[in-house]
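Beneath this line is the structure, given in C-alpha coordinates, with notes to follow.
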Amino acid sequence: MSFRLFDTLTGRLGPIRRRAGRPLGMYVCGPTVYAPAHVGHARTYLYFDVVRRTFQAEGIPVRHVMNITDFEEKIDRRAAALGLTWRALARREEAGFFRDLDALGLLRPNTAPRASDFIPRMVRVAARLERTGRVHRSGDAWYYRPPERPREANFPVSTELARHAVLEPGHPFPESEATAGEFMVWQEQEPPLPSWNGPWGRGMPGWHLECYAMAGEYLGIPVDLHGGGLDLIYPHHHAENEIALALNGTAFSRHFLHTAFVLQNGAKMSKSTGNLVSIRDALAEGSAGGLRWYLLRPRFTERLSWSFSELAEATAEQRRVQAAVRRWLEGGAGGPIGASAAESLRREVRADLLDNLGTDRTIPRLREFGARLEWASHPGIARGDRPAAVRALREVEDRLGIPLR
RNA sequence: GCCGAGGUGGCAGAAUGGUUAAUGCGACGGACUGCAGAUCCGUUUCCUGGGGGUUCGAUUCCCUCCCUCGGCUCCA
(Lines give C-alpha, C1' and ligand atoms only; values in the text may rest on other atoms or scores of the structure.)
Protein backbone atom coordinates (compact mmCIF):
# COMPACT_ATOMS: atom_id res chain seq x y z
CA MET A 1 0.00 0.00 0.00
CA SER A 2 1.50 3.34 -0.93
CA PHE A 3 1.39 6.58 1.01
CA ARG A 4 -0.44 9.22 -0.97
CA LEU A 5 -0.39 12.90 -0.13
CA PHE A 6 -1.76 16.02 -1.74
CA ASP A 7 1.15 17.84 -3.37
CA THR A 8 0.92 21.63 -3.31
CA LEU A 9 3.32 22.05 -6.21
CA THR A 10 1.29 20.03 -8.70
CA GLY A 11 -2.08 20.41 -7.03
CA ARG A 12 -2.55 16.67 -7.21
CA LEU A 13 -2.79 13.68 -4.94
CA GLY A 14 0.08 11.30 -5.52
CA PRO A 15 2.43 8.77 -3.95
CA ILE A 16 5.55 10.02 -2.20
CA ARG A 17 8.56 9.04 -4.25
CA ARG A 18 12.00 8.81 -2.74
CA ARG A 19 15.47 7.73 -3.69
CA ALA A 20 15.61 3.99 -3.31
CA GLY A 21 17.83 2.63 -0.60
CA ARG A 22 18.04 5.89 1.33
CA PRO A 23 16.05 7.21 4.24
CA LEU A 24 13.25 9.51 3.25
CA GLY A 25 14.51 13.09 3.46
CA MET A 26 11.96 15.32 5.12
CA TYR A 27 12.78 18.99 5.51
CA VAL A 28 10.30 20.98 7.57
CA CYS A 29 10.61 24.75 7.90
CA GLY A 30 11.16 25.55 11.55
CA PRO A 31 10.32 28.71 13.45
CA THR A 32 11.95 32.06 13.81
CA VAL A 33 12.65 31.98 17.51
CA TYR A 34 11.62 35.26 19.10
CA ALA A 35 8.41 34.37 20.98
CA PRO A 36 6.69 31.26 22.32
CA ALA A 37 5.22 28.95 19.69
CA HIS A 38 1.44 28.93 19.25
CA VAL A 39 -1.06 26.26 18.37
CA GLY A 40 -0.76 27.08 14.68
CA HIS A 41 2.85 25.94 14.84
CA ALA A 42 1.75 22.95 16.87
CA ARG A 43 -0.71 21.92 14.21
CA THR A 44 1.78 22.13 11.37
CA TYR A 45 4.51 20.27 13.19
CA LEU A 46 2.00 17.73 14.43
CA TYR A 47 0.95 16.77 10.91
CA PHE A 48 4.57 16.37 9.89
CA ASP A 49 5.06 14.28 13.02
CA VAL A 50 2.26 12.00 11.88
CA VAL A 51 3.77 11.86 8.39
CA ARG A 52 7.04 10.79 9.93
CA ARG A 53 5.37 8.22 12.15
CA THR A 54 3.52 6.89 9.13
CA PHE A 55 6.70 6.30 7.18
CA GLN A 56 8.37 4.72 10.15
CA ALA A 57 5.44 2.44 10.82
CA GLU A 58 5.70 1.35 7.19
CA GLY A 59 9.31 0.45 7.74
CA ILE A 60 10.72 3.45 5.87
CA PRO A 61 13.39 5.28 7.84
CA VAL A 62 13.07 9.05 7.86
CA ARG A 63 15.72 11.70 8.10
CA HIS A 64 13.95 14.72 9.52
CA VAL A 65 15.62 18.12 9.34
CA MET A 66 14.20 21.32 10.79
CA ASN A 67 15.93 24.67 10.64
CA ILE A 68 15.96 27.15 13.47
CA THR A 69 16.01 30.73 12.21
CA ASP A 70 17.91 32.48 14.96
CA PHE A 71 18.70 35.83 13.38
CA GLU A 72 16.08 38.04 11.89
CA GLU A 73 14.70 41.52 12.25
CA LYS A 74 11.91 40.53 14.63
CA ILE A 75 14.41 38.86 16.93
CA ASP A 76 16.51 42.04 16.88
CA ARG A 77 13.53 44.18 17.77
CA ARG A 78 12.31 42.04 20.62
CA ALA A 79 15.81 41.51 21.97
CA ALA A 80 16.38 45.26 22.01
CA ALA A 81 13.10 45.74 23.85
CA LEU A 82 14.09 43.14 26.45
CA GLY A 83 17.67 44.34 26.75
CA LEU A 84 19.08 41.06 25.48
CA THR A 85 21.42 40.26 22.64
CA TRP A 86 19.75 38.69 19.63
CA ARG A 87 21.63 35.51 20.35
CA ALA A 88 20.50 35.29 23.97
CA LEU A 89 16.86 35.76 23.05
CA ALA A 90 17.07 33.25 20.22
CA ARG A 91 18.62 30.59 22.44
CA ARG A 92 16.01 31.10 25.11
CA GLU A 93 13.09 30.87 22.69
CA GLU A 94 14.61 27.90 20.91
CA ALA A 95 14.79 25.99 24.18
CA GLY A 96 11.17 26.90 24.90
CA PHE A 97 10.16 25.77 21.44
CA PHE A 98 11.59 22.31 21.90
CA ARG A 99 10.12 22.04 25.37
CA ASP A 100 6.72 22.71 23.85
CA LEU A 101 7.20 20.17 21.08
CA ASP A 102 8.33 17.57 23.61
CA ALA A 103 5.30 18.27 25.75
CA LEU A 104 3.09 17.59 22.76
CA GLY A 105 4.82 14.30 22.08
CA LEU A 106 6.38 15.36 18.79
CA LEU A 107 9.39 13.35 17.73
CA ARG A 108 12.47 15.51 17.72
CA PRO A 109 14.01 16.21 14.31
CA ASN A 110 17.17 14.21 13.65
CA THR A 111 18.91 17.50 12.95
CA ALA A 112 17.89 21.02 13.88
CA PRO A 113 20.57 23.34 12.53
CA ARG A 114 20.70 27.01 13.45
CA ALA A 115 20.91 29.57 10.71
CA SER A 116 23.76 31.36 12.46
CA ASP A 117 25.83 28.18 12.21
CA PHE A 118 25.30 28.08 8.46
CA ILE A 119 26.69 31.44 7.42
CA PRO A 120 29.60 30.16 5.30
CA ARG A 121 27.32 27.84 3.36
CA MET A 122 24.70 30.55 2.91
CA VAL A 123 27.40 32.89 1.66
CA ARG A 124 28.38 30.25 -0.88
CA VAL A 125 24.78 30.05 -2.08
CA ALA A 126 24.73 33.84 -2.40
CA ALA A 127 27.94 33.78 -4.43
CA ARG A 128 26.58 31.11 -6.74
CA LEU A 129 23.40 33.11 -7.24
CA GLU A 130 25.50 36.15 -8.11
CA ARG A 131 27.24 34.19 -10.83
CA THR A 132 23.91 33.75 -12.59
CA GLY A 133 24.05 37.49 -13.26
CA ARG A 134 20.57 37.94 -11.86
CA VAL A 135 21.49 39.66 -8.58
CA HIS A 136 21.17 43.42 -8.34
CA ARG A 137 21.54 46.00 -5.63
CA SER A 138 18.67 48.09 -4.37
CA GLY A 139 19.24 50.37 -1.39
CA ASP A 140 21.31 48.54 1.20
CA ALA A 141 20.38 45.07 0.01
CA TRP A 142 20.92 42.69 -2.90
CA TYR A 143 18.11 40.89 -4.66
CA TYR A 144 17.83 37.92 -6.97
CA ARG A 145 15.44 38.32 -9.90
CA PRO A 146 14.24 34.98 -11.21
CA PRO A 147 13.91 34.42 -14.94
CA GLU A 148 10.49 34.16 -16.56
CA ARG A 149 9.11 30.69 -16.20
CA PRO A 150 5.99 28.90 -17.32
CA ARG A 151 3.41 29.53 -14.67
CA GLU A 152 3.12 25.88 -13.69
CA ALA A 153 6.86 25.62 -12.98
CA ASN A 154 6.70 27.04 -9.48
CA PHE A 155 3.53 27.19 -7.40
CA PRO A 156 1.22 28.49 -10.10
CA VAL A 157 -1.23 30.03 -7.70
CA SER A 158 1.24 32.06 -5.74
CA THR A 159 3.10 33.17 -8.83
CA GLU A 160 -0.15 34.69 -9.88
CA LEU A 161 -0.45 36.37 -6.51
CA ALA A 162 3.04 37.75 -6.78
CA ARG A 163 2.31 39.19 -10.18
CA HIS A 164 -0.78 40.95 -8.96
CA ALA A 165 1.07 42.42 -6.03
CA VAL A 166 2.93 44.73 -8.36
CA LEU A 167 1.02 44.80 -11.62
CA GLU A 168 -2.50 45.39 -10.45
CA PRO A 169 -3.25 49.04 -9.82
CA GLY A 170 -5.14 49.68 -6.62
CA HIS A 171 -4.44 46.31 -5.09
CA PRO A 172 -5.40 46.42 -1.44
CA PHE A 173 -2.14 45.33 0.14
CA PRO A 174 1.18 47.11 0.40
CA GLU A 175 3.78 46.74 -2.29
CA SER A 176 6.78 44.73 -1.32
CA GLU A 177 10.21 46.31 -1.40
CA ALA A 178 11.04 44.23 -4.42
CA THR A 179 9.43 43.31 -7.69
CA ALA A 180 7.26 40.23 -7.94
CA GLY A 181 9.16 37.03 -7.39
CA GLU A 182 12.36 38.77 -6.36
CA PHE A 183 13.90 37.98 -3.04
CA MET A 184 16.65 39.33 -0.86
CA VAL A 185 20.01 37.60 -0.99
CA TRP A 186 22.05 39.85 1.24
CA GLN A 187 21.36 42.70 3.64
CA GLU A 188 24.10 45.13 4.63
CA GLN A 189 24.31 45.67 8.36
CA GLU A 190 26.68 46.11 11.28
CA PRO A 191 26.86 44.96 14.89
CA PRO A 192 25.11 44.87 17.25
CA LEU A 193 22.79 43.58 14.56
CA PRO A 194 23.76 40.12 13.35
CA SER A 195 26.43 40.47 10.69
CA TRP A 196 29.15 38.48 9.03
CA ASN A 197 31.57 38.92 6.18
CA GLY A 198 30.04 38.07 2.83
CA PRO A 199 30.45 38.56 -0.88
CA TRP A 200 29.37 42.21 -0.60
CA GLY A 201 31.01 43.09 2.69
CA ARG A 202 29.53 43.04 6.15
CA GLY A 203 25.93 41.92 6.48
CA MET A 204 23.39 39.15 6.77
CA PRO A 205 22.25 36.56 4.24
CA GLY A 206 18.60 36.37 3.16
CA TRP A 207 16.25 33.94 4.81
CA HIS A 208 15.46 31.82 1.77
CA LEU A 209 19.10 30.85 1.36
CA GLU A 210 19.05 29.23 4.76
CA CYS A 211 16.83 26.30 3.87
CA TYR A 212 18.58 25.70 0.59
CA ALA A 213 21.96 25.54 2.29
CA MET A 214 20.77 23.28 5.10
CA ALA A 215 18.74 20.93 2.95
CA GLY A 216 21.66 20.63 0.56
CA GLU A 217 24.02 19.85 3.41
CA TYR A 218 21.94 17.24 5.21
CA LEU A 219 19.64 15.75 2.58
CA GLY A 220 20.64 16.80 -0.90
CA ILE A 221 18.54 18.83 -3.32
CA PRO A 222 15.88 17.91 -4.19
CA VAL A 223 14.74 16.59 -0.84
CA ASP A 224 11.92 14.04 -0.82
CA LEU A 225 9.33 15.98 1.17
CA HIS A 226 9.19 19.60 2.16
CA GLY A 227 6.64 21.93 3.62
CA GLY A 228 5.22 23.90 6.48
CA GLY A 229 2.25 26.16 6.98
CA LEU A 230 0.35 27.38 3.95
CA ASP A 231 1.68 30.87 4.55
CA LEU A 232 5.16 29.73 3.61
CA ILE A 233 4.29 28.97 -0.02
CA TYR A 234 4.82 32.53 -1.06
CA PRO A 235 7.35 33.89 -0.95
CA HIS A 236 9.46 31.42 1.02
CA HIS A 237 8.99 28.12 -0.75
CA HIS A 238 8.59 29.90 -4.05
CA ALA A 239 12.01 31.47 -3.52
CA GLU A 240 13.57 28.19 -2.43
CA ASN A 241 12.37 26.65 -5.65
CA GLU A 242 13.85 29.52 -7.64
CA ILE A 243 17.22 28.97 -5.97
CA ALA A 244 17.05 25.24 -6.61
CA LEU A 245 16.02 25.77 -10.22
CA ALA A 246 18.87 28.21 -10.75
CA LEU A 247 21.60 26.22 -9.03
CA ASN A 248 20.45 22.65 -9.37
CA GLY A 249 17.97 22.57 -12.23
CA THR A 250 15.29 20.96 -10.08
CA ALA A 251 12.62 22.07 -7.65
CA PHE A 252 13.63 22.23 -3.99
CA SER A 253 11.68 19.09 -3.18
CA ARG A 254 10.01 16.18 -4.93
CA HIS A 255 6.88 16.76 -2.92
CA PHE A 256 5.37 19.66 -1.00
CA LEU A 257 2.97 19.42 1.91
CA HIS A 258 1.31 22.51 3.36
CA THR A 259 -1.02 22.70 6.31
CA ALA A 260 -4.06 24.94 6.60
CA PHE A 261 -4.28 27.69 9.21
CA VAL A 262 -5.59 27.77 12.70
CA LEU A 263 -7.98 30.70 12.93
CA GLN A 264 -8.68 32.71 16.03
CA ASN A 265 -11.67 35.05 16.08
CA GLY A 266 -12.07 34.56 12.36
CA ALA A 267 -8.52 35.48 11.41
CA LYS A 268 -5.32 33.60 10.93
CA MET A 269 -3.42 33.18 14.14
CA SER A 270 -0.07 34.84 13.79
CA LYS A 271 2.57 36.46 15.88
CA SER A 272 2.29 39.74 14.07
CA THR A 273 -1.42 40.19 14.82
CA GLY A 274 -1.05 38.92 18.37
CA ASN A 275 -4.25 36.84 18.34
CA LEU A 276 -2.35 33.94 19.74
CA VAL A 277 -2.97 30.89 21.81
CA SER A 278 0.41 29.51 22.77
CA ILE A 279 1.07 25.80 23.01
CA ARG A 280 1.58 26.36 26.72
CA ASP A 281 -1.84 28.02 27.03
CA ALA A 282 -3.42 25.09 25.25
CA LEU A 283 -1.65 22.45 27.33
CA ALA A 284 -2.77 24.22 30.48
CA GLU A 285 -6.37 23.55 29.40
CA GLY A 286 -6.09 20.15 27.78
CA SER A 287 -3.78 17.16 27.88
CA ALA A 288 -1.17 16.49 25.22
CA GLY A 289 -3.24 13.57 23.96
CA GLY A 290 -6.32 15.77 23.95
CA LEU A 291 -4.57 18.55 22.05
CA ARG A 292 -3.34 16.09 19.44
CA TRP A 293 -6.84 14.63 19.23
CA TYR A 294 -8.31 18.10 18.74
CA LEU A 295 -5.75 19.31 16.22
CA LEU A 296 -5.90 16.12 14.17
CA ARG A 297 -9.68 16.03 13.97
CA PRO A 298 -9.84 18.04 10.75
CA ARG A 299 -7.64 16.97 7.89
CA PHE A 300 -4.49 19.02 7.32
CA THR A 301 -6.03 20.68 4.27
CA GLU A 302 -8.92 22.10 6.34
CA ARG A 303 -8.55 25.18 8.45
CA LEU A 304 -9.40 24.98 12.11
CA SER A 305 -11.22 27.61 14.13
CA TRP A 306 -9.65 27.54 17.54
CA SER A 307 -11.99 26.84 20.43
CA PHE A 308 -11.03 26.10 24.01
CA SER A 309 -14.34 24.38 24.63
CA GLU A 310 -13.74 22.02 21.70
CA LEU A 311 -10.28 21.35 23.06
CA ALA A 312 -11.88 20.43 26.37
CA GLU A 313 -14.33 18.19 24.58
CA ALA A 314 -11.52 16.50 22.66
CA THR A 315 -9.54 16.01 25.85
CA ALA A 316 -12.55 14.38 27.48
CA GLU A 317 -13.09 12.12 24.47
CA GLN A 318 -9.50 10.99 24.40
CA ARG A 319 -9.56 10.22 28.14
CA ARG A 320 -12.81 8.36 27.81
CA VAL A 321 -11.51 6.13 25.05
CA GLN A 322 -8.35 5.51 26.99
CA ALA A 323 -10.32 4.59 30.09
CA ALA A 324 -12.53 2.21 28.13
CA VAL A 325 -9.53 0.53 26.57
CA ARG A 326 -7.89 0.13 29.96
CA ARG A 327 -10.95 -1.51 31.47
CA TRP A 328 -11.20 -3.78 28.48
CA LEU A 329 -7.56 -4.82 28.68
CA GLU A 330 -7.85 -5.65 32.37
CA GLY A 331 -9.36 -8.80 30.99
CA GLY A 332 -11.62 -11.43 32.41
CA ALA A 333 -13.49 -14.45 31.23
CA GLY A 334 -13.61 -13.08 27.70
CA GLY A 335 -16.31 -10.67 26.63
CA PRO A 336 -17.92 -10.32 23.21
CA ILE A 337 -15.08 -8.13 21.88
CA GLY A 338 -11.79 -9.85 21.20
CA ALA A 339 -8.40 -8.95 19.79
CA SER A 340 -9.79 -8.92 16.28
CA ALA A 341 -11.49 -5.61 17.08
CA ALA A 342 -8.15 -4.01 17.89
CA GLU A 343 -6.67 -5.57 14.80
CA SER A 344 -9.45 -4.12 12.62
CA LEU A 345 -8.88 -0.73 14.20
CA ARG A 346 -5.18 -0.98 13.46
CA ARG A 347 -5.84 -1.88 9.83
CA GLU A 348 -8.38 0.89 9.33
CA VAL A 349 -6.23 3.56 10.96
CA ARG A 350 -3.33 2.54 8.78
CA ALA A 351 -5.47 2.83 5.65
CA ASP A 352 -6.84 6.21 6.78
CA LEU A 353 -3.40 7.67 7.24
CA LEU A 354 -1.88 6.26 4.09
CA ASP A 355 -4.67 7.91 2.15
CA ASN A 356 -3.65 11.57 2.32
CA LEU A 357 -3.33 11.58 6.09
CA GLY A 358 -7.02 11.04 6.76
CA THR A 359 -6.92 11.92 10.43
CA ASP A 360 -10.46 13.26 10.06
CA ARG A 361 -11.58 9.66 9.65
CA THR A 362 -9.24 8.25 12.26
CA ILE A 363 -10.31 10.31 15.24
CA PRO A 364 -14.03 9.43 14.97
CA ARG A 365 -12.95 5.85 14.48
CA LEU A 366 -11.13 5.87 17.80
CA ARG A 367 -14.17 7.40 19.45
CA GLU A 368 -16.42 4.68 18.08
CA PHE A 369 -14.00 2.00 19.13
CA GLY A 370 -14.08 3.37 22.67
CA ALA A 371 -17.87 3.54 22.61
CA ARG A 372 -18.12 -0.11 21.54
CA LEU A 373 -15.87 -1.14 24.39
CA GLU A 374 -17.87 0.87 26.89
CA TRP A 375 -21.01 -0.71 25.68
CA ALA A 376 -19.72 -4.23 26.23
CA SER A 377 -16.66 -3.92 28.36
CA HIS A 378 -17.45 -6.47 31.01
CA PRO A 379 -15.98 -8.95 31.51
CA GLY A 380 -13.22 -7.61 29.28
CA ILE A 381 -10.92 -9.27 26.86
CA ALA A 382 -9.96 -12.92 27.19
CA ARG A 383 -6.51 -13.35 28.67
CA GLY A 384 -5.18 -15.20 25.65
CA ASP A 385 -6.31 -12.40 23.33
CA ARG A 386 -4.63 -9.67 25.28
CA PRO A 387 -1.13 -9.73 23.76
CA ALA A 388 -2.47 -9.48 20.22
CA ALA A 389 -4.77 -6.62 21.18
CA VAL A 390 -1.97 -4.76 22.92
CA ARG A 391 0.27 -5.19 19.90
CA ALA A 392 -2.37 -3.75 17.55
CA LEU A 393 -3.17 -0.86 19.88
CA ARG A 394 0.47 -0.03 20.36
CA GLU A 395 0.86 0.38 16.61
CA VAL A 396 -2.11 2.75 16.52
CA GLU A 397 -0.55 4.74 19.35
CA ASP A 398 2.77 4.85 17.56
CA ARG A 399 1.16 6.09 14.37
CA LEU A 400 -0.80 8.86 16.06
CA GLY A 401 1.17 9.67 19.17
CA ILE A 402 -2.08 9.49 21.13
CA PRO A 403 -2.13 7.28 24.22
CA LEU A 404 -4.88 4.67 24.16
CA ARG A 405 -3.97 2.43 27.04
C1' G B 1 -8.59 43.30 -7.62
C1' C B 2 -6.76 38.12 -7.53
C1' C B 3 -6.71 33.08 -5.49
C1' G B 4 -9.07 29.54 -2.51
C1' A B 5 -12.57 26.94 0.87
C1' G B 6 -17.43 25.99 2.14
C1' G B 7 -23.06 26.03 2.75
C1' U B 8 -26.17 18.88 6.09
C1' G B 9 -30.52 18.64 12.58
C1' G B 10 -29.73 23.70 18.46
C1' C B 11 -23.99 23.19 17.64
C1' A B 12 -19.79 20.34 15.64
C1' G B 13 -19.28 16.96 11.82
C1' A B 14 -19.60 12.12 8.63
C1' A B 15 -21.67 9.79 4.45
C1' U B 16 -17.80 11.24 -2.92
C1' G B 17 -25.35 7.44 -6.78
C1' G B 18 -28.87 3.15 -3.61
C1' U B 19 -32.47 0.54 2.55
C1' U B 20 -35.48 4.38 8.21
C1' A B 21 -28.77 10.57 6.22
C1' A B 22 -23.39 8.18 11.01
C1' U B 23 -21.21 9.85 15.36
C1' G B 24 -20.18 13.41 19.17
C1' C B 25 -21.87 17.66 21.99
C1' G B 26 -26.20 19.88 23.79
C1' A B 27 -31.25 19.18 25.45
C1' C B 28 -34.94 16.08 27.82
C1' G B 29 -36.33 11.62 30.83
C1' G B 30 -34.45 7.74 33.97
C1' A B 31 -30.73 4.85 37.14
C1' C B 32 -27.13 5.96 40.86
C1' U B 33 -26.46 10.01 44.76
C1' G B 34 -28.28 13.17 51.19
C1' C B 35 -27.73 17.25 46.93
C1' A B 36 -24.55 18.17 42.87
C1' G B 37 -20.88 16.22 39.69
C1' A B 38 -18.97 12.07 37.23
C1' U B 39 -20.76 7.55 35.10
C1' C B 40 -24.50 4.43 32.85
C1' C B 41 -29.45 3.63 30.17
C1' G B 42 -33.14 5.78 27.06
C1' U B 43 -35.41 9.77 24.00
C1' U B 44 -34.36 13.81 20.52
C1' U B 45 -40.61 14.35 15.44
C1' C B 46 -37.69 18.45 12.59
C1' C B 47 -31.66 18.90 8.60
C1' U B 48 -28.76 18.11 2.84
C1' G B 49 -28.83 27.15 0.71
C1' G B 50 -32.42 28.38 -4.02
C1' G B 51 -33.46 26.86 -9.11
C1' G B 52 -32.61 23.77 -13.25
C1' G B 53 -30.35 19.20 -15.41
C1' U B 54 -28.26 13.90 -15.79
C1' U B 55 -30.30 9.19 -13.58
C1' C B 56 -34.78 3.99 -12.19
C1' G B 57 -32.59 6.64 -7.97
C1' A B 58 -28.51 12.56 -5.77
C1' U B 59 -26.09 15.06 0.17
C1' U B 60 -23.04 12.75 -3.59
C1' C B 61 -22.33 14.21 -10.80
C1' C B 62 -23.27 18.84 -14.28
C1' C B 63 -25.10 24.08 -14.96
C1' U B 64 -26.72 28.45 -12.63
C1' C B 65 -27.97 31.84 -8.77
C1' C B 66 -27.58 33.29 -3.62
C1' C B 67 -24.83 33.38 0.82
C1' U B 68 -20.68 32.72 4.31
C1' C B 69 -15.64 32.44 5.25
C1' G B 70 -10.13 32.54 4.54
C1' G B 71 -5.58 34.20 2.22
C1' C B 72 -2.70 37.67 -0.79
C1' U B 73 4.37 42.60 3.53
C1' C B 74 6.37 39.33 7.57
C1' C B 75 4.04 34.57 9.24
C1' A B 76 3.50 27.25 10.91
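The sequence lines fix the lettering, A, B, ..., with proteins before strands; numbering per chain opens at 1.
Rounded to whole Å, the separation between the C1' atoms of B:A38 and B:C32 comes to 11 Å. B:C35 and B:A22 have their C1' atoms separated by 37 Å, with the value rounded to a whole Å. With both ends at atom P, the span from B:C66 to B:U73 equals 28 Å, rounded to whole Å. Taking atom C1' in both B:G10 and B:G18, one finds a spacing of 30 Å when rounded to whole Å.
Atom CZ in A:Arg43 sits about 16 Å away from atom P in B:G70, given to the nearest Å. Per the geometry, CZ belonging to A:Phe261 stands 8 Å off C1' belonging to B:A76, to the nearest Å. At whole-Å resolution of the value, CD in A:Gln187 and P in B:C74 are 15 Å apart. In this structure, A:Arg372 atom CZ and B:C40 atom P are separated by 17 Å, rounded to whole Å. If you take CZ of A:Arg367 and P of B:A12, they are 14 Å apart, rounded to a whole angstrom. Distance A:Gln318 CD to B:C25 P: 15 Å, rounded to the nearest Å. At whole-Å resolution of the value, CG in A:Leu304 and C1' in B:C69 are 14 Å apart. Between the CG atom of A:Asn67 and the P atom of B:C75 there is a distance of 11 Å, given to the nearest Å.
Look at A:Arg320 and you'll find a side-chain N or O under 4.0 angstrom from OP1 or OP2 of B:C40.
Enclosure of atom CZ in A:Arg137 by more than 12 non-hydrogen atoms of other residues, nucleotides or ligands within 6.0 angstrom is indicated.
Pairing partner, B:G70: B:C3, with both Watson-Crick or wobble hydrogen-bond distances short of 3.5 Å. Pairing of B:A14, defined by two Watson-Crick or G-U wobble distances under 3.5 Å, is not identified with any nucleotide. With a cut-off of 3.5 Å on both Watson-Crick or G-U wobble distances, the partner of B:U44 is given as B:G26. In this entry B:U39 has B:A31 as its Watson-Crick or G-U wobble partner, both defining distances falling under 3.5 Å.
The existence of a salt bridge linking A:Glu348 and A:Arg361 is excluded, since no basic side-chain nitrogen approaches an acidic carboxylate oxygen closer than 4.0 Å.
Nucleic acid contact for A:Glu317: sugar-phosphate only, since backbone atoms but no base atoms lie under 4.0 Å from a heavy atom of the residue. A:His38 comes within 4.0 angstrom of a nucleotide base, judged by non-hydrogen atoms across all strands. Contact annotation for A:Pro298: no contact, since no heavy-atom pair falls under 4.0 Å across all strands. Residue contacts shown for A:Val262 include a base, since a base heavy atom lies under 4.0 Å away. A:Gly40 comes within 4.0 angstrom of a base, heavy atoms only. Looking at heavy-atom distances under 4.0 Å, A:Gly227 makes no contact with the nucleic acid at all.
A side chain to side chain contact (heavy atoms under 4.5 Å, CB included) with A:Arg128 holds for exactly one of A:Val123, A:Ile243, A:Asn248, A:Leu247; it is A:Leu247.
Between A:His41 and A:His38, the ring planes lie tilted relative to each other; the angle falls in the 30° to 60° range.
Outside the 6.0 Å centre-distance limit, the rings of A:Tyr144 and A:Trp142 are not counted as a close aromatic pair.
Each of A:Glu310 and A:Cys29 was assigned the nucleotide of RNA chain B with the nearest heavy atom; the assignment lying further toward the 5' end belongs to A:Glu310.
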